[in-house]
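Below you will find the structure I want to go over with you.
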Amino acid sequence: MADTESQYKQISSSCRELFAKKLEDYSPSWRILRVPSVTDQLLNKAKRIRQIEDSGVALVHDSVDSEFVGLVNYSIIGLIQLELHPVLQPDITTEEALAAYDKYMAETFRLMQMKNHDYGEAWRGMRISSITDLILVKLYRIRQIEDHMGKTQVSEGIASNYEDIINYALFALIRLRYED
């Protein structure tokens, strides 16, 4: 588990680094996105990963690796938007956006530790394509919850699904970067 935690922290740090660079380029312009728009962006990224996995061909230069990073960062954006709610123009500083990013990454890391303990690192035996499929399932669940105005009878909410997507995407990145 110590190796997992170290690898997780290294990869999540590289995701944050890209997030910070994009904040410098674009500011927190994503603050205008409504939560379903974030979910749709995530769905597009996950579908692209699946398409590349199935066909073995990518015509756009963005790699599968970079799409998994996008899943991490957009899921954190989704968590931020759930808390702060969308606005008509960006309303937070780069520093505030990074503080929110760090808060949600820390929460997701703690969730990973608990689940990884209980499941015994089962994800290490999974195919990356299975991780992609689980992410897609989570996204379709989120869309259903959004269609029901956030109401569920027995299921976890949108935030829990975003956190699971972050962890699955980070697991895929660990597998891609350290186990190939």
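Here the structure is a predicted model, which is why all the values come from computation and not from measurement.
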| query | Among N167, N116, T108, whose side-chain hydrogen bond (donor to acceptor under 3.5 Å, both in side chains) with Y8 holds? | reply | N167
| field | Where L33 and S37 come nearest, the two heavy atoms and their spacing | value | CD2-CB, 4.0 Å
| task | Can you sort out the partners of Y104 under ring pair (Phe, Tyr, Trp, His ring centres under 6.0 Å), two or more places apart, ordered by chain and number? | result | none
| note | Closest non-hydrogen contact found for G125 with R175 is C-NH1, 4.5 Å
| Side-chain contact, heavy-atom cut-off 4.5 Å: C15 with L173? | yes
| task | List in chain and number order the residues that pass side-chain contact (heavy atoms from CB on, under 4.5 Å) with V137, two or more places apart in sequence or in another chain; answer none if no residue qualifies. | result | R141
| request: For K115 and E163, run salt bridge (charged side-chain N to carboxylate O under 4.0 Å, His left out): C-alpha distance rounded to whole Å, both residues' side-chain angles, the deciding distance at 0.1 Å, then the answer. | output: CA-CA 12 Å; K115 286 188 174 187; E163 289 173 336; over 6 Å; no
| field | Hydrophobic cluster identity match, Y140 and I145, side-chain contacts under 4.5 Å | value | yes
| query | Salt-bridged, R50 to D54, with N to O below 4.0 Å? | reply | yes
| request: Quick one: list whatever passes side-chain contact (heavy atoms from CB on, under 4.5 Å) with I52, sequence neighbours left out. | output: R48, A58, V64
| request: Salt-bridge test for E121 and R124: reply yes if a basic N is under 4.0 Å from a carboxylate O, no otherwise. | output: yes
| ring pair (Phe, Tyr, Trp, His ring centres under 6.0 Å): which pairs involve residues 152-173, sequence neighbours left out? | W123-F171
| field | side-chain contact (heavy atoms from CB on, under 4.5 Å) partners of K9, counting only residues at least two apart | value | F109
| Honestly curious: do L18 and I165 fall in one hydrophobic cluster under the side-chain, below-4.5 Å linking rule? | yes
| request: Identify, with sequence neighbours excluded, every residue that meets ring pair (Phe, Tyr, Trp, His ring centres under 6.0 Å) alongside Y74. | output: none
